[in-house]
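Bear in mind the structure is a predicted one, so any value in this text is a computation, not a measurement. When reading the values below, keep in mind they use all heavy atoms of this one structure, side chains included, and skip hydrogens, waters and symmetry mates.
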Amino acid sequence: MKKTILILFLLLLPFYSKSSPLDTISTWKVYYNNSLIKNLNEIVDNSIVIKSKEYKTGDYLAIQYFDDMPCQDCKYSFVVIGEGKLEVSRIESKGKNKLIKINLKELMDFRHTTNQPSFVIYLYGLDDKNKNNGKRLVTLKID
């Protein structure tokens with residue numbers, strides 16, 4: 001009996017790990033034009049400040065999202081929300097690990113029109129019908 005329990009224990013040991021649920025974490029990189037400004041994940045502070053005085057026509061914010069779930073046909077939507085939950089911009093993407101670009105002109109115009117300098121960028125799966133399931137990627141302030 002002891003041999004059987006020992007054999008079962010040894011057979012199951014490789015499949016058990018206390019750290020396995022925490023081994024994988026979603027990450028994303030945020031770029032201002034071609035320059036990396038921040039590596040982010042679900043644990044670190046996701047705040048970014050952009051100085052409006054440094055903005056030039058054609059500047060963009062880019063985000064590249066990574067996670068451990070491979071999916072080439074999945075469709076995603078990156079949504080920029082302004083204060084008051086107003087949707088300012090939406091970019092759709094097929095597959096993961098793709099670099100999406102958010103035109104900063106839209107955000108600058110919104111900021112000047114409404115005098116609201118803060119934005120939140122969310123990631124949604126297009127198949128997900130629950131609008132509360134978005135992942136908060138970036139909290140952006142235009143100074």
**Request:** To the nearest 0.5 Å, tell me how far Lys53 NZ sits from Ile142 CD1.
**Result:** 14.5 Å
**Complete:** So CG of Leu123 and CH2 of Trp28: to nearest 0.5 Å the spacing works out to 8.5 Å
**Request:** Is it possible for you to say whether Leu86 and Phe78 belong to one hydrophobic cluster, with membership spreading through side-chain heavy-atom contacts below 4.5 Å?
**Result:** yes
**Message:** Could you tell me if Lys135 and Tyr65 have a donor-acceptor pair between their side chains, going purely by distance under 3.5 Å?
**Reply:** yes
**Item:** Side-chain touch Asn46/Leu137, heavy atoms, less than 4.5 angstrom
**Value:** no
**Request:** Looking only at non-hydrogen atoms, find the nearest pair between Gly125 and Tyr76 and report the distance.
**Result:** CA-CD2, 4.0 Å
**Request:** Starting at CD of Glu83, measure out to CZ of Phe110 and round the result to the nearest 0.5 Å.
**Result:** 8.0 Å
**Fill in**
Nearest heavy-atom contact between Leu40 and Asp45 is CD2-O, 3.4 Å
**Asked** Is the closest side-chain heavy-atom distance between Tyr32 and Ile48 below 4.5 Å?
**Response** no
**Prompt:** Does atom CG of Asn39 have more than 12 heavy-atom neighbours, drawn from other residues, nucleotides or ligands, at distances under 6.0 Å?
**Reply:** yes
**Euclidean distance, Asp143 CG relative to Arg111 CZ, rounded to 0.5 Å** = 7.5 Å
**Request:** Nearest 0.5 Å please: distance from the CG atom of Leu107 over to the OG atom of Ser89.
**Result:** 6.5 Å
**Prompt:** Do the side chain of Asn33 and the main chain of Tyr60 share a donor and acceptor less than 3.5 angstrom apart?
**Reply:** yes
**Message:** Could you check whether any side-chain N or O of Lys38 sits under 3.5 Å from a backbone N or O of Ser47, counting only pairs where one atom can act as donor and the other as acceptor?
**Reply:** yes
**Prompt:** What are the two closest heavy atoms between Met108 and Tyr55, and how far apart are they?
**Reply:** CE-CB, 3.5 Å
**Item:** Exercise: identify the closest heavy-atom pair between Leu99 and Ala62
**Value:** CD1-CB, 3.8 Å
**Prompt:** Would a 4.5 Å heavy-atom cut-off, applied to side chains only, mark Lys101 and Tyr31 as touching?
**Reply:** no
**Asked** Which heavy atom of Asp59 sits nearest a heavy atom of Asn103, and at what distance?
**Response** O-OD1, 3.8 Å
**Message:** Membership question, hydrophobic clusters at under 4.5 Å side-chain separation (ILVMFWY): are Val44 and Leu36 in the same one?
**Reply:** no
**Request:** Might you point out which heavy atoms bring Ser93 and Ile100 nearest each other, and give the distance in Å?
**Result:** CB-CG2, 3.9 Å
**Request:** Would you indicate whether the side-chain heavy atoms of Ile50 and Leu140 approach each other to under 4.5 Å?
**Result:** yes
**Prompt:** Among Val79, Ile102, Thr139, Ile91, which one satisfies side chain to side chain contact (heavy atoms under 4.5 Å, CB included) with Ile121?
**Reply:** Ile102
